[in-house]
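Below is one structure, written out as structure tokens; comments come after it.
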Amino acid sequence: GDLHCVSNEAIQVWTTAKNGENWFDSDGNDVSVVCGDFFSMSPSTFGAKDACFGAVYDRAAIVAIPPSSRPDYVSVIDSLLMPGGQILMVTVDAGRDKGPPFPVTPGVVEELFSTLGYIVSVLDDHVGDFGENSREFVFLLTKPKT
């Protein structure tokens, strides 16, 4: 469908879902991009009672926030992701302690998500864009179905 904007006081959603159709409860063939304060989001932000996303793509999000904010970040994602949903996450370890980007290694991702029962798979691990000492990681995280 055509891309259009759905707004309320908290968010803007650009979606291909049909007008009048709940963009998060569509036939699964639509794409939506949500713009707003991530840390204030919950299912109720979208008019939903429960988690309303089937998948999440994180490219340079978790690496941009300070390490102390990571548990809150994971909590928001977990509250929005439906059981069985998946996260495709790309992180980096630039080989330095200062950030952003803050280093997010497989050990960090495992520590953050495995306590919630997520299955963490490393899909790729290669030299990153920050020199030969940097690493870029690609993860597939799967939320438990129950």
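- Within the 4.5 Å cutoff, side-chain heavy atoms of S79 are placed close to those of P43.
- The two residues L112 and P71 come nearest to each other via the heavy atoms CD2-N, 4.4 Å.
- Within the 4.5 Å cutoff, side-chain heavy atoms of V127 are placed close to those of R135.
- Within the 3.5 Å criterion, the main-chain N or O of V31 finds a donor-acceptor partner in the side chain of T16.
- Atoms CZ and CG, from R96 and N133 in turn, are 12.0 Å apart once rounded to the nearest 0.5 Å.
- Residues F102 and I65 are not in side-chain contact: their nearest non-hydrogen atoms beyond the backbone lie 4.5 Å or more apart.
- V63 and V76 fall within the same hydrophobic cluster, where Ile, Leu, Val, Met, Phe, Trp and Tyr residues are linked whenever their side-chain heavy atoms come under 4.5 Å apart, directly or through other members.
- Hydrophobic cluster membership differs between M82 and I119, with clusters built from Ile, Leu, Val, Met, Phe, Trp and Tyr side chains linked at under 4.5 angstrom.
- Put simply, the side chain of V56 reaches to within 4.5 Å of the side chain of L81, judged on heavy atoms.
- Two rings, from F38 and Y73, have their centers less than 6.0 Å apart.
- Interatomic distance, L141 CG to S114 OG, rounded to the nearest 0.5 Å: 10.0 Å.
- In this structure the side chain of L140 never reaches within 4.5 angstrom of the side chain of I87, judged on heavy atoms.
- Rounding to the nearest 0.5 Å gives a distance of 5.0 Å between CZ of F113 and CD1 of I62.
- Residues P106 and F137 form a side-chain contact, since some pair of their non-hydrogen atoms from C-beta on lies under 4.5 Å apart.
- Nearest heavy-atom pair across V92 and P101 is CG1-CB, 3.6 Å.
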F139 vs V90, side-chain contact (heavy atoms from CB on, under 4.5 Å): CA-CA, chis, key distance, verdict: CA-CA 6 Å; F139 301 93; V90 181; over 6 Å; no
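- Summarising the geometry, atom CG belonging to D58 is positioned 6.0 Å from atom CD1 belonging to I77; distances are rounded to the nearest 0.5 Å.
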Evaluate side-chain contact (heavy atoms from CB on, under 4.5 Å) for V74 paired with L116, printing each intermediate quantity in order. CA-CA 10 Å; V74 171; L116 297 172; 3.6 Å; yes
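- With K143 contributing its side chain and D78 its backbone, the two residues share a donor-acceptor pair below 3.5 Å.
- Note that the CD1 atom of I11 and the SG atom of C35 stand 9.0 Å from one another [nearest 0.5 Å].
- Interatomic distance, S75 OG to L80 CG, rounded to the nearest 0.5 Å: 9.5 Å.
- By the 4.5 Å heavy-atom criterion applied to side chains, R70 and V108 are counted as neighbours.
- Side-chain contact between L123 and L88: present, with at least one pair of heavy atoms (C-beta onward) separated by less than 4.5 Å.
- The backbone N or O of A17 sits less than 3.5 Å from a side-chain atom of T15, completing a donor-acceptor pair.
- In this structure a side-chain-to-backbone donor-acceptor pair under 3.5 Å is missing from H126 to V138.
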